[in-house]
Number of protein chains: 2
Amino acid sequence: MKLGEGVEAAIHCAAMLAGVDGNSTISGAAMAEAFGLSPSYLLKHLNQLTTARILESVPGPAGGYRLARPAERITLLDIVLAVEGREPAFRCGEIRQRGPVKLDASAYVQPCGINVAMLKAERAYRAALAEAKLSDIVAAYQSDADPRSIAVNCAFVERHQRPQKVQPSPAQPSKA
Amino acid sequence: MKLGEGVEAAIHCAAMLAGVDGNSTISGAAMAEAFGLSPSYLLKHLNQLTTARILESVPGPAGGYRLARPAERITLLDIVLAVEGREPAFRCGEIRQRGPVKLDASAYVQPCGINVAMLKAERAYRAALAEAKLSDIVAAYQSDADPRSIAVNCAFVERHQRPQKVQPSPAQPSKA
DNA sequence: GTGGATTTACTCGGATATATTATGTCCGAGTCTAGAGGG
DNA sequence: CCCTCTAGACTCGGACATAATATATCCGAGTAAATCCAC
């Protein structure tokens, strides 16, 4: 029951990317510097977010990452699932069937009550994360955080964001 | 974001122990056999439950484990925390302070909003687990499960439970 | 036959290997930019 | 002076080591029961 550090990094990066102008991008190296992380390792997690269609990556010089959709439509659940995987934390191994007495499969049509209870709790967890939109995180930061911190972060974004020419994915042109 | 298999084993064992008569016990080896688990490894988790005061262990021949308190007062949260540890799954590394720009500590008196959101979700998770009493699990099993499964499990308990002479911990006689 | 000391067998508990996962690092494919050369 | 071609540098992406954790195992300490012996 431990989440990897990548989750924290991914959310912070997404929050930073929510503050860029238009379709500008920020390079992974810049974000790694901003949070004191290993650049190569952060790329791994950013890549997971890109695969999950949460971020978009622009290659080449002046490239980087940007949000694939508005921050209002990105939740913490999206990010957590992208980084940690979509499988539930509790995996029922059906050990109730592993005993010495072999019973017919029809005796186990009812789902394991323990699994039901654990998955119910996990649904509550995911529901709470689904309520937390990235835009809410950013808004709360803008209103509650220390002005010095906000100034520093905005300056960092201003300094490292790089405008792009193409539009930010006009409804997936040549995907499927 | 994955729970160890020990959680599943621990809950199943606790549920089985909820079905014993009076202060009787069941040995760890018997429960390992019932669920097809490695006896030595299951002992590790049962030991965690004992340390957490959820189970009581009786050494010597005819010894074993029993619940330390009624099943109505044991929740899935108790078991999960005992096995997986009490620390929250999301650990804020305060990477917002790890950037190149060193700000005064007074700029970070406000807690990290991301941490707040993650911990809120985790509180929802734990609240749901705290609602699930072990007695509820057992009751749901008794009413919903297949009669053959119930018969087999009751027979197993009847065959492996062993009466004890001493009373089940009369308010902790010589603890502190 | 009975009481007690002793041996015995069974239990849990912790210390010790192994497998799996998470973490961290490195190198290669791709792409846009900048500059040199020719028209 | 302008256009084109080429070389370069910077980006992300995936393949490769290392560290931490979870899993599995083994051996020892402790205890209650059963046994054996003396009375």
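So you know, we letter chains A, B, ... as the sequences are listed, proteins then strands, and number each from 1.
Residues B:Glu94 and B:Arg96 are paired through a salt bridge, judged by an N-O separation under 4.0 Å between the basic side chain and the carboxylate. A salt bridge is absent between A:Lys133 and A:Glu72; no separation between the charged side-chain nitrogens and carboxylate oxygens falls under 4.0 Å.
As rounded to whole Å, 20 Å separates atom P of C:dT20 from atom CG of B:Leu3. Per the geometry, CG belonging to B:Leu42 stands 15 Å off P belonging to C:dG14, to the nearest Å. Between B:Lys44 atom NZ and C:dT18 atom P the separation is 16 Å, expressed in whole Å. Distance, A:His160 NE2 to D:dT11 P: 10 Å, rounded to whole Å. One can place CD of A:Glu84 at 10 Å from C1' of C:dA22, the figure rounded to the nearest angstrom. Rounding to whole angstrom units, CD of residue B:Gln164 and P of C:dT11 are separated by 12 Å. What separates NZ of A:Lys2 from P of C:dT23 is a distance of 9 Å, to the nearest Å. Note: CZ (B:Arg91) to C1' (D:dT21) measures 11 Å, nearest angstrom.
Proximity of B:Tyr65 to the phosphate of C:dG13: a side-chain N or O atom is located under 4.0 Å from OP1 or OP2. Regarding contacts with the backbone of D:dT25, every side-chain N or O of B:Tyr41 stays at 4.0 angstrom or more from both OP1 and OP2. Contact check, B:Ser57 against C:dG13: a side-chain N or O comes under 4.0 Å of OP1 or OP2. Contact check, B:Arg162 against C:dC10: no side-chain N or O comes under 4.0 Å of OP1 or OP2. Under 4.0 angstrom from either OP1 or OP2 of D:dC12 there lies no side-chain N or O belonging to A:Asn47.
Annotation: of the two residues near DNA chain C, B:Thr51 and A:Pro39, the 5′-most nearest-nucleotide partner is B:Thr51. Of the two residues near DNA chain D, A:Pro61 and A:Thr50, the one whose nearest nucleotide lies more 5' is A:Pro61.
Side chain of B:Ser27, nearest nucleotide from C:dT11, D:dT11, D:dG13: C:dT11. When distances run from any side-chain atom of B:Ser40 to the nucleotides D:dC26, D:dC12, C:dC32, the shortest one goes to D:dC26.
Two residues are said to be in side-chain contact when any heavy atoms from C-beta on lie closer than 4.5 Å; A:Ser27 and A:His160 fail this criterion. Side-chain contact check for A:His12 versus B:Ile114: some heavy-atom pair is nearer than 4.5 Å.
Residue contacts for B:Ser38: at a heavy-atom cut-off of 4.0 Å it reaches the sugar-phosphate backbone alone, with no base atom in range.
Partner B:Asp78 forms a salt bridge (charged side-chain N to carboxylate O under 4.0 Å, His left out) with one of B:Arg73, B:Arg86, B:Arg69, B:Arg53 and no other, that one being B:Arg69.
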